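All remarks here apply to the structure that follows.
Here the structure is a predicted model, which is why all the values come from computation and not from measurement.
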Amino acid sequence: MERRIGMKIAVLDAQGAGLGKTIIKKIKKEIDSDIYLIALGTNPVATSNMIKAGANTGITGEKDICSFCETNNPDCIIGPIGIICSGGIKGEITSSISQAVFKLECTKYIIPMQKHGIYIPGTTKLKIKDIIDEIISSIKENIEKSPI
């Protein structure tokens with residue numbers, strides 16, 4: 001009998017993937033449904049750290065991340081605002097990666113980091129923990145709505 005995967009969630013991060021690790025750990029702790037977490041790391045350290053945090057599989061580097069985005073349809077992708085900005089996350093997000101993420105036909109949970117001179121009104125008082133909690137709440141709602 002084939003095991004049903006309730007939801008495919010991609011988490012994209014760069015550098016040491018501190019935010020990606022936090023997101024993956026929180027999802028693993030809070031969501032008890034069958035989920036499949038895909039770590040998309042711009043470098044081997046980022047991917048490895050997200051796998052250690054509990055991702056089911058990892059994909060590393062620009063070429064493989066873009067290929068994943070072009071050939072897969074995750075239910076959602078999560079990452080800091082830099083994932084949709086060419087040159088984001090200290091240059092680790094290339095224009096190809098940001099375009100591939102933008103073109104995905106899924107929910108994109110973008111975490112507003114107040115870096116790189118990007119200011120999103122209404123987000124200055126939000127804590128990253130609260131934003132992650134809101135993302136997880138939304139994912140849970142989507143799981144409940146989806147047919148089995």
Side-chain angles (χ1 to χ4, degrees), residues 2-43 45-89 92-116 118 120-123 126-148:
E2 187 176 318
R3 184 174 94 89
R4 183 185 179 315
I5 297 173
M7 183 175 258
K8 289 188 294 183
I9 301 171
V11 179
L12 174 55
D13 207 352
Q15 297 183 296
L19 185 59
K21 288 186 323 188
T22 301
I23 291 165
I24 289 168
K25 285 179 182 177
K26 186 86 170 168
I27 289 172
K28 295 290 276 187
K29 180 181 177 188
E30 298 286 328
I31 300 177
D32 57 4
S33 300
D34 285 332
I35 54 168
Y36 191 79
L37 289 164
I38 304 113
L40 304 175
T42 59
N43 63 68
V45 172
T47 306
S48 175
N49 285 339
M50 289 189 282
I51 289 173
K52 288 176 189 171
N56 298 90
T57 192
I59 295 169
T60 303
E62 175 188 41
K63 180 181 173 190
D64 291 336
I65 290 171
C66 291
S67 177
F68 170 84
C69 290
E70 290 166 7
T71 59
N72 289 274
N73 190 25
D75 293 289
C76 65
I77 187 166
I78 307 169
I81 193 166
I83 69 171
I84 57 170
C85 303
S86 178
I89 313 179
E92 290 193 36
I93 301 298
T94 64
S95 60
S96 296
I97 293 173
S98 63
Q99 287 176 21
V101 169
F102 183 79
K103 289 178 183 177
L104 280 172
E105 292 188 26
C106 69
T107 301
K108 296 162 192 78
Y109 292 105
I110 303 300
I111 299 171
M113 310 291 287
Q114 277 122 30
K115 295 182 178 183
H116 315 296
I118 298 172
I120 301 171
T123 64
L126 296 176
K127 294 180 178 146
I128 297 297
K129 177 198 172 303
D130 295 334
I131 293 169
I132 293 171
D133 287 345
E134 186 174 332
I135 290 169
I136 290 172
S137 177
S138 176
I139 291 170
K140 285 179 178 177
E141 287 175 20
N142 289 332
I143 289 171
E144 290 170 7
K145 290 179 191 174
S146 68
I148 295 178

Which residues pass the side-chain contact (heavy atoms from CB on, under 4.5 Å) test with [X], not counting sequence neighbours?
X	answer
T22	I132
E62	C66, T94, S96, I97
D64	I59
K63	none

Trace of the side-chain contact (heavy atoms from CB on, under 4.5 Å) decision for M113 with L19 = CA-CA 10 Å; M113 310 291 287; L19 185 59; 4.1 Å; yes
Side chains of I93 and C85: does their closest heavy-atom pair fall under 4.5 Å?
-> no
Side-chain contact test, heavy atoms from C-beta onward, threshold under 4.5 Å: evaluate it for I51 versus I24 and give yes or no.
->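 Contact flag for I51/I24 side chains = no.
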Only counting residues at least two apart or in another chain, list the ones meeting side chain to side chain donor-acceptor pair (under 3.5 Å) with [X].
X	value
K127	none
S48	none
T123	Q114
N43	E92

Say whether, by atom type as modelled, one donor and one acceptor occur between the side chain of D130 and the main chain of L126 under 3.5 angstrom.
-> no
D75 side-chain N/O to K8 backbone N/O, donor-acceptor pair under 3.5 Å =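 Checking the backbone N and O of K8 against the side chain of D75, a donor-acceptor pair under 3.5 Å is found.
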Intermediate values then yes/no, side-chain contact (heavy atoms from CB on, under 4.5 Å), I89 and T42 = CA-CA 10 Å; I89 313 179; T42 59; over 6 Å; no
Closest heavy-atom pair and its distance - N56, I35 =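 Reported closest heavy-atom pair: OD1-O, 3.9 Å.
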For the [atom1] atom of [X] and the [atom2] atom of [Y], what is their distance to the nearest 0.5 Å?
X	Y	atom1	atom2	result
I81	I120	CD1	CD1	3.5 Å
I31	M7	CD1	CE	7.5 Å
I9	I27	CD1	CD1	4.5 Å

Got a sec, which residues hit salt bridge (Lys or Arg N to Asp or Glu O under 4.0 Å) with K21, two or more places apart in sequence or on another chain?
->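 Scan of K21 (salt bridge (Lys or Arg N to Asp or Glu O under 4.0 Å), adjacent residues dropped) gives none.
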Would you mind writing out the side-chain donor-acceptor pairs for residues 99-110 within the sub-3.5 Å range, not counting sequence neighbours?
unit_1	atom_1	unit_2	atom_2	d
K108	NZ	L104	O	2.5
K108	NZ	C106	O	3.3
Y109	OH	S138	OG	2.6

So among I23, L40, I83, which one has a side chain to side chain contact (heavy atoms under 4.5 Å, CB included) with V11?
-> I23
